[in-house]
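All heavy atoms count here, side chains included; hydrogens, waters and symmetry mates do not. These numbers come from a predicted model, not from an experiment. Labels below follow one simple rule: chain letters A, B, ... track the order of the sequence lines, proteins then strands, and each chain is numbered from 1.
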There are 2 protein chains.
Amino acid sequence: MILAAENDATTLSDRVFETLCSAIVEGDIPAGSKISEPDLAKKLQVSRASLREAIGRLEACHLVTRKPNVGARVVELDGEQLLEIYHVREALEGMAARLAARHMTEQEIDALRSLASEHSRQIEQDQSDDFQQVGDLDFHFLIVQGSHNSRLINLLCDDLYHLVRMYRHQFGMTSQRTQPALAEHRAIVDVIAAGDGEMAELMMRRHVRASRENLERMLQQAERFE
Amino acid sequence: MILAAENDATTLSDRVFETLCSAIVEGDIPAGSKISEPDLAKKLQVSRASLREAIGRLEACHLVTRKPNVGARVVELDGEQLLEIYHVREALEGMAARLAARHMTEQEIDALRSLASEHSRQIEQDQSDDFQQVGDLDFHFLIVQGSHNSRLINLLCDDLYHLVRMYRHQFGMTSQRTQPALAEHRAIVDVIAAGDGEMAELMMRRHVRASRENLERMLQQAERFE
DNA sequence: TCAAGAAATATTGTCGACAATTTATGACTC
DNA sequence: GAGTCATAAATTGTCGACAATATTTCTTGA
């Protein structure tokens, strides 16, 4: 674990936060594990105060849970909690798509189309893992940015997407939904480009709901084997 | 400003957070004002470390904005930002109403009906200020709790509603929408009780959207006088 | 061997101090 | 009076230390 790079407008605790956020999302600090302030402060060569500030921020984006006088633990999402997140995503991303249809610039739409094309290329070259791990969320990320609603962007990109990324890293994506998802992405781009907010919302919600239902099926199958 | 009461499962910084959260929402620390750590630590008789942890949490719920090496300032919401919040509310509260129609218990529904009745009584007795300042949000709060989606509850109740409360405290509510809003509340209760999630969502979204449009009109009138 | 209690150890929360950065003040010039 | 620069003062970020709390280890008795 290497401390994130210095940068003009950041504090040491910002850098510790970035470092830990990545380490948690990527599984270097495993879900469920207890965070030892002295150990981590020593490993990162910072004082506990900076570390505590970073841990507070990790708590704010729900990557750790914290208990008074006990400390922080990396979150473990059970199936129920994942489904909760997908309900919230459906609502927020539906609204994001509606607002994107109204606010997205030509440049942003071009970037979105390019990304969807890149994803097609990846899938044709049997790189569908890249799409599922990272690319899918990149697509969603661009649409949320295109909403031009800073509150929406903050809720999704600074909070929920960390958790989604962590979950994907932890469990992989074995969804068999790649081709349909990509087709849905393309259709969403088209209606956003056409400025049809209502249809964009409907299609995005359907898209996220399909992922949720897929997850529900997977969770039910997992229960059957336990 | 009196430090919030001690309680088994809280730390001093939790108590500082509660104290400051209330002080900001209620305007005791005015919007836009710079937060001086030394002054505030002295006033509350705590060390700067506990105060900084509390300020970090205020930042997480967007009640303050923070800049490295400059410090924290109580947020000032302009009209644009308020409208952003209302778009997010529409999405999240629509979903909350849908989920509430599925998950709310009989007891919860009874409590919701009681609250709506209490609000009618207040309005008949010319206490409509109470409804607009506090009661309206209490109603929404109960529905969000009734969604039984902890992520949704967290986003709205631990984050956005602080800001909404702050805004209402700052600007008052002069909306002329009291009677229509209450009728909408009652109708929403009925469809939730009937278990009709889709209609609950539609009606809740319409309700929040009407508030947003009302706010838009007020903002346009305010611009006209500037 | 196991369970309960006490003691030791480690960790978390808070403290005040120091270093780095920003802001306020004063002096000078035009 | 306004603008610029240098200096002083204040504030913010980080540090290590201490107090409070939790966890681990050890001891004792059944």
Side-chain angles (χ1 to χ4, degrees), chain A residues 1-21 23-24 29-30 32-76, chain B residues 1-21 23-24 29-30 32-76:
Chain A
M1 205 173 347
I2 307 294
L3 195 55
E6 252 189 272
N7 163 347
D8 275 356
T10 60
T11 61
L12 182 58
S13 71
D14 290 335
R15 294 166 56 206
V16 173
F17 169 75
E18 296 294 340
T19 304
L20 294 181
C21 193
I24 288 169
I29 310 183
S33 61
K34 180 82 178 1
I35 290 181
S36 159
E37 291 177 11
D39 287 353
L40 209 38
K42 187 173 177 182
K43 180 176 284 190
L44 294 175
Q45 291 182 295
V46 298
S47 79
R48 279 182 52 238
S50 304
L51 177 61
R52 286 181 63 83
E53 296 214 350
I55 291 170
R57 290 179 53 191
L58 291 168
E59 187 187 20
C61 58
H62 303 103
L63 287 173
V64 304
T65 58
R66 223 175 182 184
K67 196 168 172 189
N69 292 310
V70 175
R73 187 174 289 276
V74 177
V75 73
E76 273 183 304
Chain B
M1 204 169 353
I2 306 293
L3 196 55
E6 254 188 86
N7 162 348
D8 274 356
T10 60
T11 61
L12 183 58
S13 71
D14 289 336
R15 293 166 57 206
V16 173
F17 169 75
E18 296 295 342
T19 304
L20 295 182
C21 193
I24 288 169
I29 309 182
S33 60
K34 182 78 177 4
I35 291 182
S36 159
E37 293 177 10
D39 288 353
L40 210 38
K42 186 171 180 184
K43 181 174 286 190
L44 294 175
Q45 292 184 294
V46 298
S47 80
R48 279 181 52 237
S50 304
L51 177 61
R52 286 180 64 82
E53 296 215 348
I55 290 170
R57 290 178 55 191
L58 291 168
E59 187 187 19
C61 58
H62 304 103
L63 286 173
V64 303
T65 59
R66 224 175 180 184
K67 198 166 171 191
N69 292 311
V70 175
R73 187 176 288 278
V74 177
V75 74
E76 274 184 305

_Under the rule for side chain to side chain contact (heavy atoms under 4.5 Å, CB included), what residues qualify as partners of B:A41, not counting sequence neighbours?_
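Result, side chain to side chain contact (heavy atoms under 4.5 Å, CB included) vs B:A41: B:R48, B:L51.
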*asked:* Under the rule for side chain to side chain contact (heavy atoms under 4.5 Å, CB included), what residues qualify as partners of A:A4, not counting sequence neighbours?
replied: A:R15, A:E18, A:T19
*Please list, chain by chain and in numerical order, all residues satisfying salt bridge (Lys or Arg N to Asp or Glu O under 4.0 Å) with A:R52, sequence neighbours excluded.*
A:E37, B:E53
*asked:* Going by the rule salt bridge (Lys or Arg N to Asp or Glu O under 4.0 Å), which residues pair with B:R73 if we only count those two or more places apart in sequence or in a different chain?
replied: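 Listed in chain order: nothing, the list is empty.
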*Identify, with sequence neighbours excluded, every residue that meets side chain to side chain donor-acceptor pair (under 3.5 Å) alongside A:T11.*
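For A:T11 the side chain to side chain donor-acceptor pair (under 3.5 Å) partners, ignoring immediate neighbours, are A:S13, A:D14.
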Grab the N/O contacts between the protein and nucleotides 8-14 of chain C below 3.5 Å, and write none if there aren't any.
unit_1: C:dT12; atom_1: OP1; unit_2: A:K34; atom_2: NZ; d: 3.1
unit_1: C:dT12; atom_1: OP1; unit_2: A:I35; atom_2: O; d: 3.3
unit_1: C:dT12; atom_1: OP2; unit_2: A:E37; atom_2: N; d: 3.1
unit_1: C:dG13; atom_1: OP1; unit_2: A:N69; atom_2: N; d: 3.1
unit_1: C:dG13; atom_1: OP2; unit_2: A:R52; atom_2: NH1; d: 2.5
unit_1: C:dG13; atom_1: OP2; unit_2: A:R52; atom_2: NH2; d: 2.9
unit_1: C:dG13; atom_1: N7; unit_2: A:R48; atom_2: NH2; d: 2.8
unit_1: C:dG13; atom_1: O6; unit_2: A:R48; atom_2: NH1; d: 3.0
unit_1: C:dT14; atom_1: OP1; unit_2: B:L12; atom_2: N; d: 2.4

*What is the distance, rounded to the nearest whole Å, between atom NZ of B:K42 and atom P of C:dC15?*
16 Å
